[in-house]
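Okay, so here's the structure we're looking at.
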Amino acid sequence: MAIIRVEEISNFVGQEATIQGWVYNRTDKGKLVFLLVRDGSGFVQCVAFKGDLDEATFDQLVRLPQESSVVITGPVREDKRAPGIPGGYEIGVKHVEIIQAADADYPMALKDHGVDFALDHRHLWIRMQSQWAVLRVRAAVIAAMREWLDSNGFVNMDTPILTPAACEGTSTLFETEYFDEGKAYLAQSGQLYNEANIMAFGKVYCFGPTFRAEKSKTRRHLTEFWMLEPEIAFCNLDGMMEIEEQMVTHIVQRVLRDRGPELKSLGRDLGRLEKIAPPFPRISYDDAAKKLKELYEAETDPEKKELLKFDWGMDFGAPHETALTALYEKPVFVYGYPTAVKAFYMEPWPGRPEVCKSVDLLAPEGYGEIIGGSERMSSHDLLLQRIHEHNLPEEAFKWYLDLRKFGSVPHSGFGMGVERTVAWLCGIEHIREAIAFPRTIKRVYP
RNA sequence: UCCUCGCUAGCUCAACGGCAGAGCGGGCGGCUGUUAACCGCUAGGUUCGAGGUUCAAAUCCUCGGCGAGGAGCCA
């Protein structure tokens with residue numbers, strides 16, 4: 001008897017099959033019991049008729065609590081009435097083994113919960129269809145981005161998580177004791193190490209957790225999040241934008257191909273994602289500033305108008321990103337930000353030192369910045385000057401300066417926030433649902 | 001760090017100065033096609049904490065706790 005996975009059930013219609021899983025929901029109707037069983041790969045309805053089973057077994061099924069673990073065997077049928085993911089298939093229960101009848105006080109109801117309760121029970125919440133679907137999409141996003149990079153000449157290089165000092169000298173970092181060496185800090189980026197890596201390997205990427213100790217308290221922030229950071233030698237800003245739009249398009253297409261049922265179960269409008277294809281619109285910071293001025297003038301609601309206030313030189317806030325991206329159906333590149341609001345290592349714009357060769361990719365539908373990147377500074381002397389201007393300890397950056405002494409080349413790289421990307425693709429409100437166990441300023445449990 | 005909001009049954013919420021309520025979940029019973037099934041019965045309360053106003057406080061006031069949304073900062 002074949003043990004099958006629910007996601008492959010369409011291949012087994014007309015055959016007997018066994019599934020191993022958990023009872024997600026139960027409806028009993030006299031001599032008939034419907035069990036919605038999830039096995040990790042999907043959700044399938046199992047139907048038990050009283051006449052098909054001995055009386056003791058049937059009585060057990062009628063009383064079987066939500067989340068009981070079961071092994072069920074029976075014929076696979078196609079039936080339009082059957083709910084589930086993918087749905088439309090069901091299993092007639094011929095034999096059932098109850099591994100454990102769950103306690104009756106399972107706390108997660110099959111309806112809305114408050115945020116606090118849901119997060120306190122995250123270890124159980126991830127079993128629910130919506131959360132399961134989001135996390136399946138996340139896994140597909142990660143697989144797709146690695147797939148694209150691996151097949152386009154990038155070498156995966158893992159960068160350290162324990163680091164000696166601030167990588168960018170901007171964010172607040174988590175601090176820890178490091179034996180007799182003083183303090184060490186949890187990495188906020190692998191970029192500087194990747195700049196060393198490309199001089200050995202050409203094109204590289206790192207992918208791992210990133211830590212920010214800032215007290216950010218919004219739907220777009222976590223204290224621990226996962227970031228993909230490609231870095232490319234002999235690559236300028238335009239070349240990097242092409243890489244970004246190719247990779248993002250590949251991710252979207254793969255998720256549409258492999259996670260359609262999950263996205264549909266989340267109520268996502270797939271039509272909006274199907275439009276994602278190169279080229280993405282590219283606008284300069286200068287033009288974006290003009291558009292924001294126009295949007296500010298046109299806004300009539302005084303509260304929203306205040307939030308849209310903008311002058312050249314400011315960094316974008318969330319309301320600015322939302323207003324700007326609402327003008328487009330695809331992700332939008334905004335390039336050439338003011339040097340003053342960006343990190344010290346970005347290459348200046350030729351002839352315009354007040355602007356740097358930076359580019360952010362803003363997702364549609366108000367999801368904001370999913371990628372931030374730049375062409376890196378290749379001049380040793382200018383980089384040293386910037387390190388001094390930013391009051392960074394020159395000694396800590398000695399190795400980084402070395403990279404500009406021994407075969408410096410133009411190079412570029414970017415960081416993509418995985419949770420923001422997943423939130424956008426799934427159409428969910430808050431990025432905390434895009435990671436299995438979110439870490440926020442107020443939460444380290446469970 | 002600042003602004004705003006919330007906290008009542010296991011969960012989601014109602015009651016807004018006058019008897020503590022409903023739906024879901026739990027328990028018991030009924031039903032051969034349910035889709036968060038439905039129908040009947042049933043158990044379930046330190047209304048976040050402390051203090052105050054009042055004949056009377058879940059409700060009004062003060063302080064505290066916890067959480068959320070947003071700003072700033074960022075991916």
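Because the structure is predicted, anything quoted here is derived from the model rather than measured. Numbers restart at 1 for each chain; the letters A, B, ... are given by sequence-line order, proteins then strands.
- Taking the P atoms as reference points, B/G65 lies 36 Å from B/A22, given to the whole Å.
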Step-by-step side chain to side chain donor-acceptor pair (under 3.5 Å) determination, A/Y205 to A/D158: CA-CA 8 Å; A/Y205 68 93; A/D158 296 316; over 6 Å; no
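- Taking 4.0 Å as the cut-off between side-chain N and carboxylate O, A/E231 and A/R376 count as a salt-bridged pair.
- Judged by ring centres under 5.5 Å apart and planes tilted less than 30 degrees, A/Y106 fails to stack against the six-membered base ring of B/G25.
- Salt bridge status for A/E347 with A/K357: absent, with no side-chain N to carboxylate O gap under 4.0 Å.
- Under the 4.0 Å criterion applied to side-chain N and carboxylate O atoms, A/R420 and A/E365 are not assigned as salt-bridge partners.
- Residue-level contact check: A/L36 touches neither bases nor backbone, having no heavy atom under 4.0 Å from any strand.
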Protein-nucleotides 8-11 of chain B N/O pairs under 3.5 Å:
from	atom 1	to	atom 2	distance (Å)
B/C11	O2'	A/H113	ND1	2.8

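- In this structure, the nucleotide among B/A75, B/G33, B/G72 sitting nearest to the side chain of A/F49 is B/G33.
- In this structure, the CG atom of A/L61 is 15 Å from the C1' atom of B/U32, given to the nearest Å.
- Look at NZ on A/K80: it is 18 Å from C1' on B/U34, rounded to the nearest Å.
- Ion pairing between a basic and an acidic side chain is recognised when a charged N comes within 4.0 Å of a carboxylate O; A/D79 and A/R77 show no such pairing.
- Nucleotides B/C11 and B/C7 have their P atoms positioned 14 Å apart, rounded to a whole Å.
- For A/I431 and B/A75, the CD1 to C1' distance is 8 Å, given to the nearest whole Å.
- Per the geometry, NZ belonging to A/K29 stands 7 Å off C1' belonging to B/U34, to the nearest Å.
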N/O-N/O pairs, protein side and nucleotides 64-69 of chain B side, under 3.5 Å:
from	atom 1	to	atom 2	distance (Å)
B/G67	OP1	A/K442	O	3.4
B/A68	N7	A/K217	NZ	3.3
B/G69	OP1	A/H430	NE2	3.1
B/G69	OP1	A/R432	NH1	2.6
B/G69	OP1	A/R432	NH2	3.0
B/G69	O3'	A/R219	NH2	3.2

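- Taking atom CZ of residue A/F225 and atom C1' of nucleotide B/C74, one finds them 8 Å apart after rounding to whole Å.
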Show me the donor-acceptor pairs within less than 3.5 Å that the side chains of residues 97-110 of chain A make with the rest of the protein, sequence neighbours left out.
none

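- Rounded to the nearest Å, the gap between the P atom of B/U4 and that of B/C24 is 39 Å.
- At a non-hydrogen distance threshold of 4.0 Å, A/A318, A/P319 from residues 318-334 of chain A come into contact with RNA chain B.
- Straight-line distance between the C1' atoms of B/U59 and B/G21: roughly 15 Å, to the nearest whole Å.
- Along RNA chain B, the nucleotide closest to A/R220 and the one closest to A/D315 are compared, and the more 5′ of them pairs with A/R220.
- Panel note: side chain A/R432, backbone A/R439; no donor-acceptor pair is recorded below 3.5 Å.
- Counting only Watson-Crick or G-U wobble pairs whose defining distances are both under 3.5 Å, the stems of 3 or more consecutive pairs in RNA chain B are B:1-7 with B:65-71, B:10-13 with B:21-24, B:26-30 with B:38-42, B:48-52 with B:60-64.
- Taking all atoms of both residues into account, the shortest heavy-atom contact from A/L53 to A/F58 is CD1-CD1, 4.4 Å.
- The nearest whole Å value for the distance from the CG atom in A/L173 to the P atom in B/C74 is 13 Å.
- At a cut-off of 3.5 angstrom, the base of B/C74 holds no donor-acceptor pair with the side chain of A/S216.
- Other residues, nucleotides and ligands contribute more than 12 heavy atoms inside 6.0 Å of the NE2 atom of A/H388.
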Worked verdict on A/Y328 versus A/F280 for ring pair (Phe, Tyr, Trp, His ring centres under 6.0 Å): CA-CA 9 Å; A/Y328 305 90; A/F280 298 168; over 10 Å; no
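- Note that A/K305 lies in the cation-pi zone of A/Y296, set by a 6.0 Å cut-off to the ring centre and a 45° limit from the axis.
- Between A/R212 atom CZ and B/C73 atom P there is a gap of 14 Å when expressed in whole angstrom units.
- Counting non-hydrogen atoms under 4.0 angstrom, A/E90 reaches a base of the nucleic acid.
- Nucleotides B/A14 and B/A9 place their C1' atoms 13 Å apart, quoted to the nearest Å.
- Of the charged side-chain nitrogens involved, at least one lies within less than 4.0 Å of a carboxylate oxygen, so that A/R136 and A/E7 count as a salt-bridged pair.
- Looking at A/R38 and A/E67, a side-chain N of the basic residue comes within less than 4.0 Å of a carboxylate O on the acidic one, giving a salt bridge.
- Nucleotides B/G64 and B/C2 are separated by 12 Å at their P atoms, to the nearest Å.
- No salt bridge links A/R5 with A/E8; every basic N to acidic carboxylate O contact stays at or beyond 4.0 Å.
- Looking at A/K330, its side chain does come within 3.5 Å of a backbone N or O of A/A277 through a donor-acceptor pair.
- Nucleotides B/G51 and B/U42 are separated by 38 Å at their P atoms, to the nearest Å.
- A/T210 contributes no side-chain N or O that, together with a main-chain N or O of A/S189, makes up a donor-acceptor pair within less than 3.5 Å.
- A/Y367 places no side-chain N or O within 3.5 Å of a backbone atom of A/R220 that could act as its donor or acceptor partner.
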Are any protein N/O atoms closer than 3.5 Å to N/O atoms in nucleotides 26-29 of chain B? If there are, list each pair with its distance.
from	atom 1	to	atom 2	distance (Å)
B/G29	OP2	A/R63	NH1	3.4

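- Per the geometry, CG belonging to A/L110 stands 6 Å off C1' belonging to B/A36, to the nearest Å.
- For A/K215, the NZ atom counts as loosely surrounded, since its 6.0 Å shell holds 12 or fewer non-hydrogen atoms of other residues, nucleotides or ligands.
- Remark: the separation of the C1' atoms in B/C61 and B/G17 is 13 Å, to the nearest Å.
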